[in-house]
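To start, the structure itself, in structure tokens.
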Number of protein chains: 2
Amino acid sequence: MGAAEETGVEEQPWGQVSPDAARRLLIAAVEAFAERGYHATTTRDIAGRAGMSPAALYIHYKTKEELLHRISRIGHDKALTILRTAADGEGTAADRLAAAVRSFVGWHAAHHTTARVVQYELDALGEEHRTEIVALRRESDAAVRGIINDGVRAGEFDVPDVPGTTLAVLSLCIDVARWFNVAGRRTPDEVGALYADLVLRMVGART
Amino acid sequence: MGAAEETGVEEQPWGQVSPDAARRLLIAAVEAFAERGYHATTTRDIAGRAGMSPAALYIHYKTKEELLHRISRIGHDKALTILRTAADGEGTAADRLAAAVRSFVGWHAAHHTTARVVQYELDALGEEHRTEIVALRRESDAAVRGIINDGVRAGEFDVPDVPGTTLAVLSLCIDVARWFNVAGRRTPDEVGALYADLVLRMVGART
DNA sequence: CCTGATGGTGAGCAAGCGCTTAGGGAGCGG
DNA sequence: CCGCTCCCTAAGCGCTTGCTCACCATCAGG
């Protein structure tokens, strides 16, 4: 309960995908892409994990790349929502930055298979789909930069290089998807709390 | 001169690889792997970039995976050397931590194509090769953790969670390889300086 | 001049890839 | 009962993949 409530990440990840067979294929694709990478995953593998024949995939998706795009799009939407919710929340800039990092990192840890695909398989997207996704990523960057700028203006933060620090903060959070391991000793919430503290130090928040 | 001298990264990256044809193939592989990823790169592409026929690759390397292993091994050796040089240097823990981050990040930025392969294509290695490389990575972790521990013992740093902070510092540095772009506005040295400052803040170094 | 080592080529094999196509069975309105 | 729609499968097409093999050019030593 703690993780769900606290990070504000819930309501069943792929609930919006229908029909049921399409959702099963998509979940199978997420697992396979996260384990082996997009290019090393075969359509036969995806269909097999979903308990279907290879041809069934093409009833619901035009190509293998469309599957990746759907996953990437949903994931980026979720990430952006998380960041904006925190950015538009109440409290000081430090409160909002901590909340943003806590929930963003919590999501990357709790859904690290999805996050791995979302964050590290961008290059496998086709030209058009990639530019669409890159636009979403720029909005995420803007959300975080907004909080940091608020803190600087309010005299709460000491940040010599706002764009550079924004980049570093996002980079730090995103890379959680690469190393986080379910078998590890830390829960998503613990990592979120640790990272929120580290980020507040990076921006020189007066404690 | 600045970058080379300052980061201590030099002496021609692949000088140790011989004969010449093997080195050309290896450099071609680094470029191709960095651009498209290991699985999306074909042996014909590598050979083509090196100006050779596809068959020539197999005179110098047994498999495509051996190429990746050679690259990964040399890169990890270099990374470990950089960290150990800084860790064994002179000065306070803060001095050595800053030097480690500055040179480590500088290397990831300046050689971001190599670093991308080294850091993000681990999973494509075979079982044995991967465990060999993972051992090197644990030593890198130990080097950084050593500096931080020194700082804590000396009362220079304020770090509640040393293993977690070590992980975060390395993660932050490594992820530079993912986003760094030559066309961007920052030089490798500038990124190194920015990151060294951020990391000192993360460990609560008294300034 | 021959010989062997070295480092290369052109052609191609077996396997696996993304994707298509012809057809089948379950459910349902009429 | 028919006939239509919706999902799904078996089979397989055309192509690319990692890798091999028979053969050749260059050159140093005897």
Side-chain angles (χ1 to χ4, degrees), chain A residues 14 16-72 117 121-130, chain B residues 14-73 117 121-130:
Chain A
W14 308 108
Q16 61 184 282
V17 181
S18 78
D20 183 73
R23 182 169 50 246
R24 270 159 48 220
L25 282 166
L26 197 129
I27 292 170
V30 168
E31 287 175 13
F33 291 163
E35 266 178 38
R36 310 217 229 280
Y38 175 81
H39 290 292
T41 299
T42 70
T43 54
R44 287 161 172 78
D45 182 20
I46 297 168
R49 285 176 195 246
M52 300 177 185
S53 78
L57 197 153
Y58 293 90
I59 295 165
H60 302 280
Y61 301 95
K62 250 182 12 208
T63 63
K64 176 179 152 187
E65 194 264 356
E66 189 193 322
L67 256 172
L68 177 63
H69 174 239
R70 282 275 227 285
I71 294 166
S72 198
V117 178
E121 300 288 349
L122 266 182
D123 296 339
L125 288 169
E127 192 72 34
E128 291 183 25
H129 287 158
R130 186 167 54 245
Chain B
W14 308 107
Q16 61 184 281
V17 181
S18 78
D20 184 73
R23 181 170 51 246
R24 269 159 49 219
L25 282 165
L26 196 130
I27 292 170
V30 169
E31 287 174 14
F33 291 162
E35 266 178 39
R36 310 217 228 282
Y38 175 81
H39 289 292
T41 299
T42 69
T43 55
R44 293 179 212 319
D45 182 20
I46 297 169
R49 285 175 194 246
M52 300 178 184
S53 78
L57 197 153
Y58 293 90
I59 295 165
H60 301 281
Y61 301 95
K62 253 183 12 208
T63 64
K64 176 179 153 187
E65 193 263 356
E66 189 193 322
L67 254 174
L68 176 62
H69 173 238
R70 282 275 227 286
I71 294 167
S72 198
R73 173 76 213 222
V117 178
E121 299 290 351
L122 265 183
D123 295 341
L125 288 169
E127 192 72 35
E128 292 182 24
H129 287 159
R130 186 168 53 246

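All chains are named by letter (A, B, ...) in the order of the sequence lines, taking the proteins before the strands, and each is independently numbered beginning at 1.
- The salt bridge (charged side-chain N to carboxylate O under 4.0 Å, His left out) check on E128(A) picks up nothing, with sequence neighbours excluded.
- Taking atom NE2 of H60(B) as the reference point, atom P of dG7(C) lies 7 Å away to the nearest angstrom.
- DNA chain D is contacted by no residue of residues 22-32 of chain B, taking any non-hydrogen atom closer than 4.0 Å.
- For DNA chain D, the contact window with chain A, defined by any atom under 4.0 Å from a protein heavy atom, covers dC8(D) to dG12(D) in 5' to 3' order.
- Closest heavy-atom contact between V30(A) and I71(A): CG2-CD1, 3.6 Å.
- In this entry the distance linking OH of Y61(B) with P of dG8(C) reads 11 Å, nearest Å.
- Residue pairs meeting the side chain to side chain donor-acceptor pair (under 3.5 Å) criterion with at least one member in residues 23-33 of chain B, sequence neighbours excluded, are D20(B)-R23(B), D20(B)-R24(B).
- By the salt bridge (charged side-chain N to carboxylate O under 4.0 Å, His left out) test, E121(B) is found to be paired with no residue, residues two or more places apart in sequence or in another chain being considered.
- In terms of heavy-atom proximity, L26(A) sits nearest to L67(A) at CA-CD2, 3.9 Å.
- Contact between P54(B) and A47(B) at its shortest, heavy atoms only, is CA-CB, 3.7 Å.
- Atom OH in Y58(B) sits about 14 Å away from atom C1' in dG12(C), given to the nearest Å.
- The side chain to side chain donor-acceptor pair (under 3.5 Å) test applied to R36(A) returns D45(A), not counting sequence neighbours.
- For the atom pair CD1 (I46(A)) and CG (L25(A)), the distance works out to 8.0 Å, reported to the nearest 0.5 Å.
- For A55(B), the side-chain contact (heavy atoms from CB on, under 4.5 Å) partners two or more places apart in sequence, or in a different chain, are S53(B).
- Identified under the ring pair (Phe, Tyr, Trp, His ring centres under 6.0 Å) test for residues 49-70 of chain B, with sequence neighbours left out: H69(B)-H129(B).
- Both I59(A) and K62(B) sit near DNA chain D, but only I59(A) has its closest nucleotide nearer the 5' end.
- Take E65(B) and apply the salt bridge (charged side-chain N to carboxylate O under 4.0 Å, His left out) test, not counting sequence neighbours, and it matches no residue.
- Under a cutoff of 6.0 Å and an axis angle of 45°, K64(A) and Y38(A) form a cation-pi pair.
- Within residues 49-56 of chain B, the residues approached by DNA chain C to less than 4.0 Å at the level of any non-hydrogen atom are M52(B), S53(B), A55(B), A56(B), in residue-number order.
- Shown for residues 34-48 of chain B: residues whose heavy atoms fall under 4.0 angstrom of DNA chain C, namely R44(B).
- Under the salt bridge (charged side-chain N to carboxylate O under 4.0 Å, His left out) criterion, R130(A) pairs with E127(A), sequence neighbours left out.
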